[in-house]
Amino acid sequence: MLIGADRLNMLNCTDVMNKKKTLVMGILNVTPDSFSDGGKFNRIDTAINHVDEMIAAGADIIDIGAESTRPNAEKISAEEEISRLEPIFKIIADKCPVPISIDTYKPKVAEFAINLGAEIINDIDGLSSDMAKIAAKYDKKIIVTHNQITDENIIDNIKKFFRQSLKIADEVGLNRRNIIFDSGIGFNKTQEQNLQILRSLEQLKIVDGVEYPMMLGVSRKSVIGYAVNLPIDERDEATGALCVIGISKGINIVRVHNVEMISRMCKIIDAVYSFPSPKF
């Protein structure tokens with residue numbers, strides 16, 4: 001896990017200004033009903049094969065989720081979520097050379113996954129006190145996602161939400177260096193709000209003068225269908241375009257389905273933004 005540990009160190013908020021590489025998070029949904037790939041990878045063999053393919057294609061992190069978070073998806077209990085994860089998670093964790101993220105909003109599931117080797121909590125439901133306590137207890141990084149309906153300016157609301165998350169972290173002793181923000185594209189937002197966020201990502205990275213790592217999760221989402229009228233299975237190029245825009249605005253992690261395509265795009269934009277300009 002040395003490679004994974006080295007890459008995780010890149011996520012410290014104090015080091016973010018010096019980053020040389022955008023981290024690519026590959027999505028593994030072990031669900032029957034996810035919007036893009038539900039039912040494809042919820043068997044042990046297909047899940048392992050997909051993880052191997054994503055790592056070979058350049059994934060820096062594998063994000064494993066067992067409950068669909070698409071709009072109107074059926075909610076399941078923590079016990080059901082764990083039962084979906086249990087046959088697959090430990091096998092993958094034991095052989096995976098990159099950090100594993102657990103995609104859950106339930107503290108019980110997060111703790112279960114951490115005990116099997118998860119290094120990151122990807123919480124799409126913001127930062128509750130209970131989840132913050134789990135991240136603090138195990139000193140793990142946590143992705144805090146804005147997931148709030150609002151009629152006020154969406155950028156102002158997200159900044160307010162992030163400030164509240166930092167307050168919760170401080171109250172339970174969660175090191176701010178372990179916090180990664182996600183603006184929550186597609187979560188309780190109108191499509192116009194989603195587009196406004198994409199235009200303003202660089203503003204969201206800085207909270208009260210401190211720059212934090214930020215993840216962009218826009219892969220195959222409905223905002224692409226809204227903007228360019230493409231079906232789910234034809235949205236990878238548009239996903240890549242949005243990732244490139246995000247990286248140019250300071251995004252540190254992109255969460256994607258098509259790792260090979262997006263990883264290649266990340267490499268070229270990283271080269272453009274990271275290498276020093278020649279002197280004449």
Side-chain angles (χ1 to χ4, degrees), residues 11 13 16 23-29 31 34-36 61-71 73 75 81 99-107 109-110 113 118-135 140-150 154-169 172 174 176 178-191 193-198 200-201 203-207 212-223 239 242-243 246 249-257:
L11 300 181
C13 65
V16 73
L23 300 181
V24 178
M25 176 184 280
I27 299 169
L28 175 65
N29 288 319
T31 58
S34 290
F35 81 96
S36 175
I61 304 167
I62 301 297
D63 188 47
I64 303 178
E67 178 179 359
S68 175
T69 55
R70 64 178 172 80
K75 300 293 185 183
E81 193 172 344
I100 292 176
S101 166
I102 177 62
D103 180 4
T104 188
Y105 57 88
K106 302 183 184 80
V109 177
E119 296 288 347
I120 306 168
I121 302 168
N122 181 14
D123 185 354
I124 59 91
D125 203 26
L127 185 65
S128 68
S129 178
D130 287 343
M131 188 67 96
K133 288 175 182 176
I134 294 295
K140 298 299 181 184
K141 298 190 183 296
I142 183 165
I143 299 165
V144 178
T145 303
H146 178 273
N147 190 347
Q148 195 172 71
I149 298 172
T150 181
I154 187 64
I155 305 305
D156 292 343
N157 183 264
I158 292 173
K159 299 271 271 196
K160 185 189 302 181
F161 183 90
F162 288 167
R163 288 189 186 95
Q164 178 61 27
S165 298
L166 292 171
K167 180 180 178 183
I168 291 170
V172 303
L174 173 60
R176 289 190 177 196
N178 282 338
I179 291 177
I180 301 159
F181 286 130
D182 182 341
S183 58
I185 298 291
F187 290 107
N188 289 321
K189 296 172 180 67
T190 68
Q191 300 296 10
Q193 286 177 328
N194 288 327
L195 291 173
Q196 186 179 355
I197 290 167
L198 289 164
S200 309
L201 289 169
Q203 298 178 37
L204 297 174
K205 285 176 60 66
I206 301 174
V207 180
Y212 290 85
M214 178 165 277
M215 186 175 82
L216 177 63
V218 74
S219 186
R220 300 177 182 170
K221 287 189 175 179
S222 61
V223 65
T239 295
L242 291 179
C243 288
K249 292 175 175 288
I251 287 295
N252 305 91
I253 309 171
V254 292
R255 182 180 182 273
V256 298
H257 297 88

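Below, each value reflects all heavy atoms present in this structure, side chains not excepted, and no hydrogens, waters or symmetry copies. Note that this is a predicted model, so its numbers are computed, not measured.
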Handout entry: Residue pair Glu67 / Thr104, side-chain donor-acceptor N/O under 3.5 Å
Key = no
Practice task
Report, as yes or no, whether the 6.0 Å neighbourhood of atom NZ on Lys160 holds more than 12 heavy atoms from other residues, nucleotides or ligands.
Solution key: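 Counting other residues, nucleotides and ligands, NZ of Lys160 stays at 12 neighbours or fewer.
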Approximate separation, where rounding is to 0.5 Å, of [X] [atom1] and [Y] [atom2]:
X	Y	atom1	atom2	answer
Ile121	Ile134	CD1	CD1	7.0 Å
Asp63	Met25	CG	CE	4.5 Å
Leu166	Leu174	CG	CG	9.0 Å
Ile64	Ile120	CD1	CD1	11.5 Å
Arg255	Leu23	CZ	CG	14.5 Å
Ile154	Ile197	CD1	CD1	4.5 Å

So, do [X] and [Y] sit near enough that their side-chain heavy atoms are less than 4.5 Å apart?
X	Y	result
Val254	Val218	no
Gln193	Thr150	yes
Val223	Gln191	yes

Side-chain donor/acceptor of [X] to backbone N/O of [Y], under 3.5 Å:
X	Y	answer
Thr145	Gly184	no
Lys189	Phe187	yes
Ser219	His257	yes
Asn194	Ile185	no

Would you name the heavy atoms of [X] and [Y] that are closest together and state the gap between them?
X	Y	answer
Met215	Ile143	SD-CD1, 3.7 Å
Met131	Ala110	SD-CB, 3.7 Å
Gly246	Leu201	CA-CD1, 3.8 Å
Met214	Phe162	CE-CE1, 3.8 Å
Pro107	Asp130	CG-CB, 3.8 Å
Val256	Cys243	CG1-SG, 3.9 Å

Problem - Asn122 and Ile180: CA distance, side-chain angles, deciding distance, side chain to side chain contact (heavy atoms under 4.5 Å, CB included) verdict - result: CA-CA 9 Å; Asn122 181 14; Ile180 301 159; over 6 Å; no
Problem - Phe181/Val207 under side chain to side chain contact (heavy atoms under 4.5 Å, CB included): CA gap, chis, key distance, verdict - result: CA-CA 10 Å; Phe181 286 130; Val207 180; 4.1 Å; yes
Problem - Evaluation steps, side chain to side chain contact (heavy atoms under 4.5 Å, CB included), between Lys249 and Lys205 - result: CA-CA 9 Å; Lys249 292 175 175 288; Lys205 285 176 60 66; over 6 Å; no
Problem - Under the side chain to side chain contact (heavy atoms under 4.5 Å, CB included) test, residues paired with Gln164 that sit two or more places apart - result: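 Result, side chain to side chain contact (heavy atoms under 4.5 Å, CB included) vs Gln164: Lys167, Ile168.
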Handout entry: Partner residues of Lys140 under the salt bridge (Lys or Arg N to Asp or Glu O under 4.0 Å) criterion, sequence neighbours left out
Key =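 Lys140 satisfies salt bridge (Lys or Arg N to Asp or Glu O under 4.0 Å) with Glu119 once adjacent residues are dropped.
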Exercise for the section: Evaluate the criterion side chain to side chain contact (heavy atoms under 4.5 Å, CB included) for residue pair Lys159 and Leu204; output intermediate values, then yes/no. Expected result: CA-CA 6 Å; Lys159 299 271 271 196; Leu204 297 174; 4.1 Å; yes
